Amino acid sequence: MATIVSRHPHQPAAAPGEGMRDQYGRKIRDLRVSLTDRCNLRCVYCMPEAVEFKPRDEILTDDEILVLVRVAAELGVTKIRLTGGEPTVRSNIVGLTARIAQVSGIEDLAMTTNGVRLRELAQPLAAAGLRRINVSLDTLDREQFRAITRWGNLDDVLDGLAAAEAAGLQPVKVNAVVVRGFNEDAVADLARLTLTRPWAVRFIEMMPFGSVAGFQTNAYVPSRETMGRIEAALGPLTPIDVTGYDPARTYRLAGAPGTLGFISSVSQPFCAQCGRVRLTAEGRLRLCLLRDDEADLRTPLRAGASYEEIRERFRAAAYRKPWGHGLARGVIPQRRIMSQIGG
Ligand code: SAM
């Protein structure tokens with residue numbers, strides 16, 4: 001459990017040099033940067049097929065993203081994860097990655113991707129300074145894959161995973177959202193990957209968002225059910241300790257080089273340890289994945305606000321980070337779907 005420190009609202013979030021804390025004393029060290037709301041797949045649980053994308057002039061430019069990453073790093077953020085939409089469909093993704101990797105204070109640069117473009121991009125991204133990669137892959141069955149993604153080709157992702165490994169992006173993590181009626185029977189095959197690969201395969205509970213919430217709630221599969229299926233097929237899961245904070249509860253199958261993780265955002269929230277904020281593609285700082293609370297940084301940026309003013313806005317917004325989500329009380333974020341936030 002993180003220590004909870006209550007502060008007066010006018011008290012600075014942290015002493016200079018100590019990094020940034022929110023109103024509950026949680027250190028904010030982790031920024032997820034959505035590079036676009038566009039995607040080259042349409043996963044059924046993530047976005048509707050006929051989704052409308054933001055006009056391009058509403059999306060942050062490379063230079064604007066760089067300013068906000070610098071500000072975040074100055075405030076104590078050490079870890080950046082590039083996401084989307086699909087980050088690899090952003091033009092100049094390699095050049096932008098290289099610029100972000102060079103920002104002083106950023107120690108860890110990772111990406112969450114569907115893997116479709118990694119065959120050609122894994123090597124240049126690694127050379128640009130990307131350290132690690134999470135590839136979203138919900139099934140190893142070709143038909144199921146197509147049904148979930150609406151038109152995706154499984155081989156693109158499998159080749160992408162191989163390319164990521166060859167490029168030295170380590171550890172390779174595979175993230176699967178478990179969706180009833182689509183892939184709940186695919187979890188054992190995914191878990192089996194850890195018997196031959198040193199990968200971290202993680203199963204994520206589906207979360208509800210706005211217009212897709214009805215489907216998401218009905219097709220939700222709790223982690224304990226997924227664990228039961230895996231143990232029934234492959235034997236007992238042994239819990240293992242991981243160094244550092246990880247939202248996944250981590251296990252290993254007997255003799256496996258890889259690990260299995262369960263990210264139970266709905267059934268076992270980990271809000272007490274959350275030190276994460278998210279920057280949407282159009283420049284809003286989202287303070288909790290599952291709350292609609294956001295701060296607009298693009299408007300002041302484009303209105304010519306000074307660097308110091310942007311930094312103070314960033315710090316003040318992060319300070320307001322809500323304690324946690326309210327799913328258990330039926331509070332569902334309404335304003336955005338997952339592809340408009342970034343996972
Ligand atoms: N396009 C990239 C990808 O596929 O990884 C990055 C963006 S995607 C929104 C990030 C992650 O969010 C993916 O692993 C995706 O499966 C997951 N995701 C999407 N909708 C979700 C939901 N309703 N609940 C939980 N995870 C979700």
Side-chain angles (χ1 to χ4, degrees), residues 31-56 58-62 65 69 80-101 109-126 128 130-139 145-164 167 169 172-177 179 182-183 202 204 206-207 209-212 278-284 286 289 336-343:
L31 176 67
R32 301 202 159 193
V33 181
S34 174
L35 299 181
T36 174
D37 61 341
R38 286 162 200 262
C39 189
N40 44 3
L41 298 178
R42 292 286 182 281
C43 297
V44 287
Y45 56 82
C46 187
M47 61 211 286
E49 188 166 7
V51 66
E52 268 190 41
F53 297 117
K54 298 271 177 213
R56 286 191 195 271
E58 290 190 17
I59 302 299
L60 294 181
T61 64
D62 287 9
I65 290 172
V69 168
I80 299 278
R81 174 172 296 280
L82 305 177
T83 179
E86 171 50 39
T88 61
V89 303
R90 183 169 172 123
S91 55
N92 191 31
I93 178 63
V94 175
L96 179 57
T97 301
R99 290 178 73 191
I100 293 173
L109 181 57
M111 179 182 281
T112 297
T113 169
N114 59 31
V116 168
R117 298 203 61 215
L118 282 183
R119 199 188 280 130
E120 67 266 23
L121 283 177
Q123 181 57 46
L125 284 171
L130 190 73
R131 297 249 184 113
R132 305 187 290 117
I133 202 128
N134 287 8
V135 176
S136 304
L137 174 60
D138 301 323
T139 178
F145 184 82
R146 189 167 289 275
I148 291 175
T149 58
R150 291 201 175 96
W151 56 66
N153 175 5
L154 176 66
D155 290 322
D156 292 339
V157 184
L158 297 178
D159 289 356
L161 274 163
L169 293 169
V172 170
K173 293 187 182 175
V174 174
N175 287 342
V177 177
V179 187
F182 280 90
N183 69 338
R202 291 131 41 104
I204 302 174
M206 185 165 48
M207 296 169 277
F209 293 90
S211 57
V212 209
R278 294 171 163 83
L279 183 65
T280 70
E282 79 274 32
R284 291 177 165 266
R286 188 163 174 110
L289 177 60
R336 290 175 187 274
I337 53 175
M338 191 69 156
S339 60
Q340 297 164 330
I341 307 170

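Keep in mind that this is a model prediction, so the values were computed, not measured. Sequence positions, counted from 1, serve as the residue numbers for this chain.
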Check: Does the side chain of Phe182 reach to within under 4.5 Å of the side chain of Thr139, using non-hydrogen atoms?
Finding: no
Notebook entry, point to check: Which atom names give the shortest non-hydrogen contact between Leu82 and Pro87, and what distance separates them?
Noted result: O-CG, 4.0 Å
Check: By side-chain contact (heavy atoms from CB on, under 4.5 Å), which residues pair with Ala128, not counting sequence neighbours?
Finding: Val94, Thr97, Ala98
Next item on the list: Decide side-chain contact (heavy atoms from CB on, under 4.5 Å) for Met47 and Phe53; before the verdict, give the C-alpha distance in whole Å, the side-chain angles of both, and the deciding distance to 0.1 Å.
Entry: CA-CA 11 Å; Met47 61 211 286; Phe53 297 117; 3.8 Å; yes
Checklist line | Leu118 side chain near Ile133 side chain, heavy-atom distance below 4.5 Å | finding: yes
Next item on the list: Just jot down the side-chain contact (heavy atoms from CB on, under 4.5 Å) partners of Arg119, sequence neighbours excluded, or say none.
Entry: Asp156, Asp159
Notebook entry, point to check: Does the side-chain contact (heavy atoms from CB on, under 4.5 Å) test come out yes or no for Arg131 and Met111, once each step is laid out?
Noted result: CA-CA 8 Å; Arg131 297 249 184 113; Met111 179 182 281; over 6 Å; no
Margin query: Would you compute the distance between atom CD of Gln340 and atom CZ of Arg38 and round it to the nearest 0.5 angstrom?
Written below: 12.0 Å
Item checked: Partner residues of Arg32 under the side chain to side chain donor-acceptor pair (under 3.5 Å) criterion, sequence neighbours left out -> none
Check: About how many Å separate OG1 of Thr113 and CG of Leu130, when rounded to the nearest 0.5 Å?
Finding: 10.0 Å
Margin query: Tell me the closest heavy-atom pair linking Ile337 and Phe209, and the distance in Å.
Written below: CA-CB, 3.9 Å
Note to self: On a heavy-atom basis, which atom in Ser34 and which in Gly85 lie closest, and how many Å separate them?
What the structure shows: OG-N, 4.3 Å
Notebook entry, point to check: Between Lys173 and Arg132, is any pair of side-chain heavy atoms under 4.5 Å apart?
Noted result: yes
Check: What residues form a side chain to side chain donor-acceptor pair (under 3.5 Å) with Gln123, not counting sequence neighbours?
Finding: none
Note to self: Test your reading of the model: is there a side-chain donor-acceptor pair from Asn40 to the backbone of Val89, 3.5 Å cut-off?
What the structure shows: no
Next item on the list: Not counting sequence neighbours, which residues clear side chain to side chain donor-acceptor pair (under 3.5 Å) with Arg146? List them please.
Entry: none
Check: OG of Ser136 to CD1 of Ile204: how many Å apart, nearest 0.5 Å?
Finding: 6.5 Å
Item checked: Minimum side-chain heavy-atom gap Leu31-Val33 below 4.5 Å -> yes
Checklist line | Pairs where residues 81-96 contributes a residue and the test salt bridge (Lys or Arg N to Asp or Glu O under 4.0 Å) is met, not counting sequence neighbours | finding: Asp62-Arg90
Checklist line | Residue list, side-chain contact (heavy atoms from CB on, under 4.5 Å) with Leu154, at least two apart or on another chain | finding: Leu137, Arg142, Phe145, Leu158
Note to self: What verdict does the side-chain contact (heavy atoms from CB on, under 4.5 Å) test give for Asp138 and Asn175, after you've listed the backbone C-alpha separation in whole Å, the side-chain angles of each residue and the deciding distance to 0.1 Å?
What the structure shows: CA-CA 7 Å; Asp138 301 323; Asn175 287 342; over 6 Å; no
Margin query: On a heavy-atom basis, which atom in Val177 and which in Asn183 lie closest, and how many Å separate them?
Written below: O-ND2, 2.8 Å
Note to self: I'd like to check the side chain to side chain donor-acceptor pair (under 3.5 Å) partners of Glu120; sequence neighbours left out, ordered by chain and number.
What the structure shows: Arg117
Notebook entry, point to check: Within a strict 4.5 Å, meaning less than it, do heavy atoms of the Val116 and Thr88 side chains meet?
Noted result: no
Check: Are the side chains of Glu282 and Asp37 in touch, meaning some heavy atoms are under 4.5 Å apart?
Finding: no
Next item on the list: Report the C-alpha distance between Asn114 and Cys39 in whole Å, list the side-chain angles of each, state the deciding distance to 0.1 Å, and finish with yes or no for side-chain contact (heavy atoms from CB on, under 4.5 Å).
Entry: CA-CA 9 Å; Asn114 59 31; Cys39 189; 3.8 Å; yes
Notebook entry, point to check: Do side-chain atoms of Arg284 reach the backbone of Ala281 as a donor and acceptor pair under 3.5 angstrom?
Noted result: no
Item checked: Minimum heavy-atom distance Ile59-Leu35, with the two atoms named -> CG2-O, 4.1 Å
Next item on the list: Apply side-chain contact (heavy atoms from CB on, under 4.5 Å) to Glu49 and list each qualifying residue two or more places apart in sequence or on a separate chain.
Entry: Arg150, Trp151
Note to self: Measuring only between side-chain heavy atoms, which start at C-beta, is Arg336 closer than 4.5 Å to Thr280?
What the structure shows: yes
Check: Considering all heavy atoms of both residues, which atom of Val212 and which atom of Val44 are nearest to each other, and what is their separation?
Finding: CG1-O, 4.1 Å
Next item on the list: Answer whether the closest heavy-atom distance between the side chains of Val51 and Arg42 falls below 4.5 Å.
Entry: yes
